[in-house]
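Working notes, beginning with the structure itself.
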Amino acid sequence: MTIGIKAPGYYIQGAGELDRLGNYIKKIGTSFLVIGSANNKKRIGDRIAISLKSADKTMFYWEFGGQCSKQAIADAVTAAQKQGCDAIIGVGGGKALDTAKAVATNMGGLPAIIIPTIASNNAPCSSVAVIYNDDDVVVKALMMHRNPDIVLVDTNLIVQAPKQYLIAGMGDALATYFEARACRRSGAKTMSRGQCSMTALALAELCYKTLLRNSVNALTVVEHHVVTPALEVVVEACVYLSGVGFESGGLAAAHAVNDGLAHVPQASKASHGEKVAFGLLVQLQLEHAPQEEWDTVLAYIRTVGLPSCLADLGITEVKEAEIRKAAEAAAAPAQFTKNIRPDITAEEVYNAIMAADAAGGHT
């Protein structure tokens with residue numbers, strides 16, 4: 001058995017940590033290209049500049065247009081080369097961060113510093129950058145030479161974001177343990193090019209238990225933009241535990257169903273985390289999970305406001321052809337559903353989607 005564990009070089013989380021960025025990059029680069037939206041430039045661009053200046057570093061801000069596309073990556077690479085930058089900083093949500101990762105990779109593996117401003121998914125710690133076309137369709141998953149050198153999470157920034165972003169992050173993180181467990185049971189290869197280690201499984205399980213214990217309190221304080229211990233541990237679960245857990249522990253049907261739902265236009269407005277949460281219910285149906293486990297997961301999903309049925313995803317008119325197409329995509333040979341067992345069929349996935357919808361529906 002070969003295991004693989006991938007993680008960022010240094011993970012920092014806490015209130016006000018953005019203003020201490022300069023302390024963490026003293027030995028990393030001299031000139032930084034900062035990739036972020038115009039809004040984030042207005043919100044925190046000066047704070048980043050001041051912190052970097054305190055460490056005698058220079059920076060150039062490249063405004064991210066909203067899509068992690070091949071053209072955006074190429075344009076940012078050109079800007080970095082023109083300014084002579086030797087390190088990359090990504091600021092914002094998933095697509096801005098992925099653009100920064102891709103730029104660092106395409107420039108020969110420059111140091112990458114990741115600063116998420118929302119905790120809506122587990123991407124910040126990973127070595128993966130998802131690239132889209134102009135129609136917002138995934139065209140490639142780019143693997144970096146390594147995970148980000150630094151991931152800095154300022155929880156004062158996280159609590160300023162709308163509550164729905166954190167709920168989405170909870171949905172993404174919720175599936176981590178169950179997907180890692182499925183890979184551990186089947187011996188499937190993970191994205192770290194090894195099998196699920198006991199370390200990765202333990203981190204994934206801790207992620208799940210942390211969410212169950214603290215999510216309600218965390219959502220309450222987010223509404224008031226306050227950082228508390230409950231908020232801190234939930235953010236750590238969503239960003240770090242889930243990030244290391246999914247990459248080193250493996251993915252399964254929950255994420256495959258998320259991908260398959262791209263074939264259902266009515267679900268287009270649902271977030272990644274929302275679709276993964278419903279995908280987890282589908283996975284539990286495929287695994288014939290014990291009733292107690294199903295009840296616990298479903299109760300959590302309903303309590304925090306994640307989708308428990310197709311209607312919650314915006315699919316109010318269920319069209320069999322669309323759901324079957326989603327099931328076929330989720331059961332494709334290259335998809336993660338095969339990490340439960342390799343012979344799962346599209347028909348089984350379709351039946352599991354419909355069973356999860358029926359069992360998770362509101363009465």
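Keep in mind the model is a prediction, meaning the values are calculated, not measured.
- No side-chain donor-acceptor contact under 3.5 Å links Asn339 and Ser186.
- At least one side-chain heavy atom of Phe32 sits less than 4.5 Å from a side-chain heavy atom of Lys57.
- Geometric assessment of Lys95 against the ring of Tyr132 yields a positive cation-pi assignment under the 6.0 Å and 45° thresholds.
- For the residue pair Glu247 and Ser127, a side-chain donor N or O sits within less than 3.5 Å of a side-chain acceptor on the partner.
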Only pairs under 3.5 Å count here: list side-chain donor-acceptor contacts from residues 230-242, not counting sequence neighbours, and write none if there are none.
unit_1, atom_1, unit_2, atom_2, d
Glu232, OE1, Gln13, NE2, 2.8
Glu232, OE2, Thr155, OG1, 2.9
Ser242, OG, Asn122, ND2, 2.8
Ser242, OG, Thr176, OG1, 2.7

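- Once rounded to the nearest 0.5 Å, the distance linking CG of Asn40 with OG1 of Thr117 reads 4.5 Å.
- Donor-acceptor pairing under 3.5 Å is recorded for the side chains of Asp75 and Gln71.
- With respect to Arg20 and Glu17, a salt bridge is recorded, a charged nitrogen being found less than 4.0 Å from a carboxylate O.
- Scanning all heavy atoms of the two residues, the minimum distance from Arg302 to Gly361 falls at NH2-O, 2.9 Å.
- Taken from CD1 in Ile315 to SG in Cys309, the straight-line distance is 9.5 Å, to the nearest 0.5 Å.
- Side-chain contact, Ser126 with Lys101: a donor N or O sits under 3.5 Å from an acceptor N or O.
- Ion pair Glu205/Arg184 not flagged as a salt bridge, since none of the NZ, NE, NH1 or NH2 atoms sits closer than 4.0 Å to an Asp/Glu carboxylate oxygen.
- Contact detail for Tyr300 and Ser215: the closest heavy-atom pair is OH-OG, 2.7 Å.
- For the residue pair His255/Asp172, the side-chain donor-acceptor check at 3.5 Å is satisfied.
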